[in-house]
Number of protein chains: 4
Amino acid sequence: MAAAKRVCVSKGFGRAKIADVAREAELSVGTIYLYFKKKDELFAALSVRVLKHLNVRLWRARARKDLTFEQSLDVVKKALLEIYEIDPHMFLTLANLQASETLANITLELQRKIVDLLHQSFDIISQVLREGLETERPHAAAPAKLSLILWALFSGLVLWEESKRSLDPRKDHFKSTLNVAFEVFARGIVAH
Amino acid sequence: MAAAKRVCVSKGFGRAKIADVAREAELSVGTIYLYFKKKDELFAALSVRVLKHLNVRLWRARARKDLTFEQSLDVVKKALLEIYEIDPHMFLTLANLQASETLANITLELQRKIVDLLHQSFDIISQVLREGLETERPHAAAPAKLSLILWALFSGLVLWEESKRSLDPRKDHFKSTLNVAFEVFARGIVAH
Amino acid sequence: MAAAKRVCVSKGFGRAKIADVAREAELSVGTIYLYFKKKDELFAALSVRVLKHLNVRLWRARARKDLTFEQSLDVVKKALLEIYEIDPHMFLTLANLQASETLANITLELQRKIVDLLHQSFDIISQVLREGLETERPHAAAPAKLSLILWALFSGLVLWEESKRSLDPRKDHFKSTLNVAFEVFARGIVAH
Amino acid sequence: MAAAKRVCVSKGFGRAKIADVAREAELSVGTIYLYFKKKDELFAALSVRVLKHLNVRLWRARARKDLTFEQSLDVVKKALLEIYEIDPHMFLTLANLQASETLANITLELQRKIVDLLHQSFDIISQVLREGLETERPHAAAPAKLSLILWALFSGLVLWEESKRSLDPRKDHFKSTLNVAFEVFARGIVAH
DNA sequence: GATGAATGAGTCTTCATTCAT
DNA sequence: TATGAATGAAGACTCATTCAT
């Protein structure tokens, strides 16, 4: 799977061949098929891995208590950013999963796993937000909806950032845009 | 191109074959190649079309004067939503363009056109925001950055909405989430 | 299809590759797939051809009137033998169709065609036998059953003949055995 | 080998994999190769087993003395039918051996064994027929030739029966057709 | 301009066979 | 004897692209 990710990064998701992965992993083609029934199964498994990693990080963030809402949000932002900076392709893997038809070609079991992990991600973010929201922003929207908005905001920015490289030479800094985005978000959830 | 879009919608972006497009267009395969040098060229042209359509709408929104910031933002939201509702796959086309490696395989000319149109989109949104911001939110972030955030927010929500159909049976309504997202955004750009 | 047959003859049914057929036909692999959806479809089509050829011959035999039962039987034998001698592999094609799992992998339409042609073969043989039987062998078994027995006898002998070459050096002459078989059959359908 | 036969029956001859056999036998793949050098060797050995079983039955039939020709023939028929009914796939195994190219890929030793056993089968049938023929049908054809015809008749009917299941919904009963076939055969060997 | 048959390189996938343990 | 992970050659099938008509 590490090899598969490396191939995705270097050749692009759609151009990644099983033979490439095998070569990168210093295995034969057949061996790949010993562990993954289909090509799409392998790449979907990559997403599972990303989501698991993500959830571990988010979980750690959630463990911290006695934080204000702003601090909680900051913890979520840091968790997402940290993961992105460790491996900027992680979220792109997820974006590709969403944009491609990979999902249609995998086992129901794997599909369920992915759905489940995504739900977990949202639930953790919701929980982090909820505590701060309840005391400080009692009139804010439902945490579940807000966590989805946060997720969309983040993945939209990542997708843009990644595609920008080939499209748009105009320089803008991901991190600073992200900071502004989170500030806007934080202030937007006002208590009237 | 209309045929190409219909094929993309019904079979999915990655599974769309030139032969399908030809059949849908009631033309022969060869004829497609009279108008598009490469397959990727055709699908990139689709994105150009989406962006042009988008810009026309945004331009109309921009034309209205004497609006408060909130009203301006509402106009942008309506323009984006309207386009999405007329054709939910338009933004997915763009997302696919970003997520796939299509961009790497097209002529420089077409690449430039796409970049140019995207800049136009941002510029129009920036302008819409700028007027309201200058008078009502003098301390807000740069309009260019805010328009990017708005774009990311919207495309992130669309991508999620589209992928959710196959992944996640949990019902949530795109439109209401979008409304909340824009409310949060609008309130977030406060003048301290 | 002529190329496919030649490949079957020279390399054996199970070892015939699409690439071989393409080379033999002086076409590319893709062109084969322009006319046959699946590999098995091509080889099943071969059987259809054999059966059609067979039925034409049998039909001609049937056209002759005013024959005694023995003469009718002789006409059937000659028709079968003639086909076998023109192309000894024709019946082997059918035997392979029966012994292999090809039938499970073809379209229902093609399956139906094969069934239909086989029924036709039996029906023609039945008709040839019927006339002679009615007047000369009134107490014989049903012509349909007898034509099946004749068919089994013939194809059993062909299968044996074909496999014998690699198995059994013991010489015996197909034609003379066939003659004896038909004599036995003719005498066996006695009028008590 | 029992496992191999079960796999052949359930998945079909051509679709039987060594891995399937190993799983069925509750052994590992490697272990299969301790006992059979090649895949074809294993399946050829299956034929040897069938032929041995067949010969045992035929031998028993031969042991009975003081039978008329018709009774002898009946004994042969019963032996063949009994084997067929115990395991309808036995003869199909032999038919597959004949129709496929398996024979070309096995050791000379195994080839000889198969040839030898086939000769034995014919010889036993010949002997059964000979006794009755000599006294009751002095002018009949050579017993060797007649036993080959009998064999062809039987295997032709079996092959037909087996293929019919997937091809032809038209019901006809194997056993009754076989009975008619043997009656015809018995009467056909008349003494003029 | 339009056609669509032909192409063949490119990929996935399978599976008999080996071999270090 | 037994294992079963690893192999990689082989082969079916696809589809963007071309070009003679």
Side-chain angles (χ1 to χ4, degrees), chain A residues 4 7 11 14-23 25-43 102 105, chain B residues 4 7 11 14-23 25-43 102 105-106, chain C residues 4 7 11 14-23 25-43 102 105-106, chain D residues 4 7 11 14-23 25-43 101-102 105-106:
Chain A
V7 170
K11 304 195 68 173
R15 309 257 180 274
K17 314 295 167 206
I18 289 287
D20 298 328
V21 176
R23 200 179 311 113
E26 291 181 274
L27 286 171
S28 69
V29 172
T31 308
I32 306 292
Y33 279 89
L34 230 48
Y35 299 98
F36 301 95
K37 274 191 283 296
K38 298 259 171 195
K39 189 197 181 200
D40 283 333
E41 209 94 337
L42 166 58
F43 291 108
T102 301
N105 298 326
Chain B
V7 170
K11 305 194 72 172
R15 307 262 181 268
K17 321 283 172 219
I18 289 289
D20 297 327
V21 175
R23 201 180 310 111
E26 292 180 270
L27 285 170
S28 70
V29 173
T31 308
I32 305 289
Y33 278 86
L34 287 180
Y35 299 98
F36 300 95
K37 270 192 289 297
K38 298 266 171 192
K39 190 199 182 196
D40 284 335
E41 209 96 336
L42 165 58
F43 290 108
T102 302
N105 299 324
I106 59 175
Chain C
V7 170
K11 304 195 69 173
R15 307 258 180 272
K17 314 296 168 206
I18 289 288
D20 298 327
V21 176
R23 202 178 310 112
E26 291 180 273
L27 286 171
S28 69
V29 173
T31 308
I32 306 292
Y33 280 90
L34 230 49
Y35 299 98
F36 300 96
K37 273 190 284 295
K38 297 259 172 198
K39 189 197 180 200
D40 283 334
E41 208 95 337
L42 166 58
F43 291 108
T102 302
N105 297 328
I106 60 175
Chain D
V7 170
K11 304 194 70 173
R15 309 259 180 272
K17 322 283 171 218
I18 290 287
D20 297 327
V21 175
R23 200 180 311 111
E26 291 182 89
L27 285 170
S28 69
V29 173
T31 308
I32 305 290
Y33 278 87
L34 287 180
Y35 299 99
F36 300 95
K37 270 192 290 295
K38 298 265 171 191
K39 189 199 182 197
D40 285 335
E41 209 96 336
L42 165 57
F43 291 107
E101 290 85 20
T102 303
N105 298 324
I106 59 176

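Convention: sequence-line order gives letters A, B, ...; per-chain numbering from 1.
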Starting at atom [atom1] of [X], determine the distance to atom [atom2] of [N], rounded to an integer number of angstrom.
{"X": "A:L42", "N": "E:dT13", "atom1": "CG", "atom2": "P", "answer": "11 Å"}
{"X": "A:K17", "N": "E:dT11", "atom1": "NZ", "atom2": "C1'", "answer": "7 Å"}
{"X": "C:F43", "N": "F:dA12", "atom1": "CZ", "atom2": "P", "answer": "8 Å"}
{"X": "A:D20", "N": "E:dG10", "atom1": "CG", "atom2": "P", "answer": "12 Å"}
{"X": "A:K11", "N": "E:dG10", "atom1": "NZ", "atom2": "P", "answer": "11 Å"}
{"X": "D:E41", "N": "E:dA16", "atom1": "CD", "atom2": "C1'", "answer": "14 Å"}
{"X": "A:I32", "N": "F:dG8", "atom1": "CD1", "atom2": "C1'", "answer": "13 Å"}
{"X": "D:R23", "N": "E:dC15", "atom1": "CZ", "atom2": "C1'", "answer": "12 Å"}

Q: Mind checking D:Y35 for me? I need base, sugar-phosphate or nothing, with any heavy atom below 4.0 Å counting as a touch.
A: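 It contacts sugar-phosphate atoms only.
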Minimum-distance pair of heavy atoms, taken over all atoms of [X] and [Y]:
{"X": "D:L42", "Y": "D:I18", "answer": "CD2-CD1, 4.1 Å"}
{"X": "A:I32", "Y": "A:V21", "answer": "CD1-CG1, 4.1 Å"}
{"X": "A:N105", "Y": "A:E41", "answer": "O-OE1, 4.2 Å"}
{"X": "D:V29", "Y": "D:A19", "answer": "CG2-CA, 4.2 Å"}

Q. Looking only at side-chain N and O atoms, does D:T31 come under 4.0 Å of OP1 or OP2 in F:dT3?
A.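 Looking at the OP1 and OP2 atoms of F:dT3, one of them is under 4.0 Å from a side-chain N or O of D:T31.
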Q | OP1 or OP2 of E:dT3 under 4.0 Å from side-chain N/O of B:S28 | A | yes
Q: Drop me the distance from D:K38's NZ to D:Y33's OH, to the nearest 0.5 angstrom.
A: 8.0 Å
(Q) Nearest 0.5 angstrom please: C:D40 CG to C:T102 OG1, how far? (A)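 If we round to the nearest 0.5 Å, C:D40:CG and C:T102:OG1 are 4.5 Å apart.
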Q.
Check whether A:K39 reaches the backbone of A:A16 with its side chain - one donor and one acceptor, N or O, closer than 3.5 Å.
A. yes
Q) If each of C:A19 and D:L27 is mapped to the nucleotide of DNA chain F with the nearest heavy atom, which maps nearer the 5' terminus, i.e. the 5' end? A)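 It is D:L27, whose closest nucleotide lies nearer the 5' terminus.
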Q. Which residues pass the side-chain hydrogen bond (donor to acceptor under 3.5 Å, both in side chains) test with D:K11, sequence neighbours left out?
A. D:D20
Q) When the nearest nucleotide of DNA chain E is assigned to D:K39 and to C:E26 on a heavy-atom basis, which residue is associated with the more 5' position? A)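 In this pair, the answer is C:E26.
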Protein and nucleotides 18-21 of chain F: nitrogen or oxygen contacts under 3.5 angstrom:
none

Q.
Using the side-chain heavy atoms of C:L34, tell me which of these nucleotides is nearest: F:dA16, E:dC15, E:dA5.
A.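 So the nucleotide nearest the side chain must be E:dA5.
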Q) Considering only heavy atoms from C-beta outward, does the side chain of A:L34 approach that of A:L27 to under 4.5 Å? A) no
Q. What stems involve DNA chain F, if each pair must be Watson-Crick or G-U and both of its distances must be under 3.5 Å, with 3 or more such pairs in a row?
A.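 DNA chain F forms these stems: E:2-21 with F:2-21.
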